[in-house]
Amino acid sequence: MKLSLGPLLYYWPRQKTLDFYAEVAAGDAVDIVYLGETVCSRRHELRLEDWLDIAARLTAAGKEVALSTQALIESESDLRTLRRITGATAFRIEANDMGAVRLLAAAGRRDWIAGPTLNVFNPATLALLVDEGARRWVAPPEMAGENVAALRAGMPRPIETEIFAHGRLPLAYSARCFTARHYNLQKDTCEFRCLRDQDGMVLRTREGEPFLTLNGIQTQSARVHNLLADLPAIAGRAEILRISPQGAHTLEIAALFRAALDARLAPPAAFAASLALIPEAPCNGFWHGRPGHERAPAAPVAPIAPEEAISLAAPAVAAPRLPAPAATSGSTPAPLRLLPASARARLAQKLREVRIPAFTVPAPLARLGARLPQLPPALALTVALNLAPQAMLPRAVLSPLAGRRLRVCVLDAGVNLDFTLGANGRFYPCRAGMPADLAISAALRDFIALALREEDADTLFFSRRLRMEGDTGLGVLVKNTLDAVDWNIFR
């Protein structure tokens, strides 16, 4: 199975864009690269000549290159650019609107790619595009996996299929520029404010929840579509997986996909490692036929006919630098091995039965806690964290926290605990007063319930009893680590 890098949907400074594609050319995880401006014709950091130059360099590096056309054509100037792109015979073209399809068909091109914004949802539409010269199609991001399989089965002859496997979901395009509107600017005098947001501008609800992402005239999901854990169910349904570039860690994400496809890393482990590399929480609902923002469990692998099967064993490549797999939960911590097995069993049962009563720290104690030095309780917290076994807090998975300043705010106790994870895998307290990279706030009762798995982080978060501020990638990593705590290790 091949990996593709979709067209850059965001507006990056010229040098950042050039450096990014230079790294792509030097890497070996990605097989196919799509180039060009697909969102807004006003983005001129790179002109068509620049994209063609990058395409030539990537081709020389052994990559397959395709030029992507704009999704929304609004002016004669846009049409002129479209004609120039479709006339670039040295490269394959990804057609993202029917105007591009018409130009390619009129030119007799028989090698172009039907892009995701053509909205192909049935075999008749795809067959029409194949008759016009399409030799690959990119399924719309909102199309369920079972529908992709059904559409392929309904085709009179096979066609190469590509699916959107990672990135913020492109949901809609508009003639209006929402980024300009946010700054009270007109679209034609937008001052190129998109350059400020390398991953778009997150739109939040009144409750502060990430909802959508504004990217000029494009609306995206806030959550990041991530099919790493679903790779076994994708086999036989697509030949190419598309990764959409993000502001940071794109090639690390690609390396995780490549390692999973090469069977050097289990898909669930690759998914877990990706959580620290994405700007928001993951989702995969569309692939499972559910609302896109949901995160559904990986689907069971359905039987696939031998002629449709796709091998996951690609030629060996240099292994990426990945976090080590988490320790298994079956090993009993050393201090607990001193207890008789019956005592350990009773302890595990008690922990499972424990129910935290509703309580709030009395206000006088909270005022006192706010005035006391914060270092002693922070030290107590780090001692407890260091005593936690690897099976509960796998240090390898938590390695992105190393050197980052973390803060636990116990709201009803007036206590702020600052600490960090050292390079040696041990936690250390920090002195108060410095800004934190990630702050987690909740009442004492909710922290205890979260630690004992009586409550899950998502429930607390959406009920506004748990707040995370700062680096959202670190927040997602911490949340998922807490969700994975297994008290069965005390058996």
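What's counted below: heavy atoms across the whole structure, side chains too, no hydrogens, waters or symmetry copies.
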Side-chain donor/acceptor of Thr213 to backbone N/O of Ser221, under 3.5 Å: yes
side-chain hydrogen bond (donor to acceptor under 3.5 Å, both in side chains) partner of Tyr10, chosen from Gln220, Gln246, Arg43: Gln220
Non-hydrogen atoms of [X] and [Y] that approach each other most closely:
{"X": "Leu67", "Y": "Ala55", "result": "CD2-CB, 4.4 Å"}
{"X": "Arg242", "Y": "Pro7", "result": "NH1-CD, 3.5 Å"}
{"X": "Val130", "Y": "Arg135", "result": "O-NH1, 3.2 Å"}
{"X": "Leu171", "Y": "Phe286", "result": "CD2-CE1, 4.3 Å"}

Side-chain heavy atoms of Pro245 within contact of Phe20, under 4.5 Å: yes
pair Leu256-Leu277: side-chain heavy atoms closer than 4.5 Å: yes
Salt bridge between [X] and [Y], side-chain N to carboxylate O under 4.0 Å?
{"X": "Arg258", "Y": "Glu252", "value": "no"}
{"X": "Asp78", "Y": "Arg83", "value": "no"}
{"X": "Asp31", "Y": "Lys2", "value": "no"}
{"X": "Arg152", "Y": "Glu160", "value": "no"}
{"X": "Glu280", "Y": "Arg223", "value": "no"}

Qualifying salt bridge (charged side-chain N to carboxylate O under 4.0 Å, His left out) pairs, either residue in residues 13-22, two or more places apart: Arg14-Asp50
Donor + acceptor pair across side chains of Thr179, Asn215 (<3.5 Å): no
Among Val101, Leu103, Leu104, side chain to side chain contact (heavy atoms under 4.5 Å, CB included) partner for Arg109: Leu104
Separation between CD1 of Ile85 and CD of Glu37, rounded to the nearest 0.5 Å: 9.5 Å
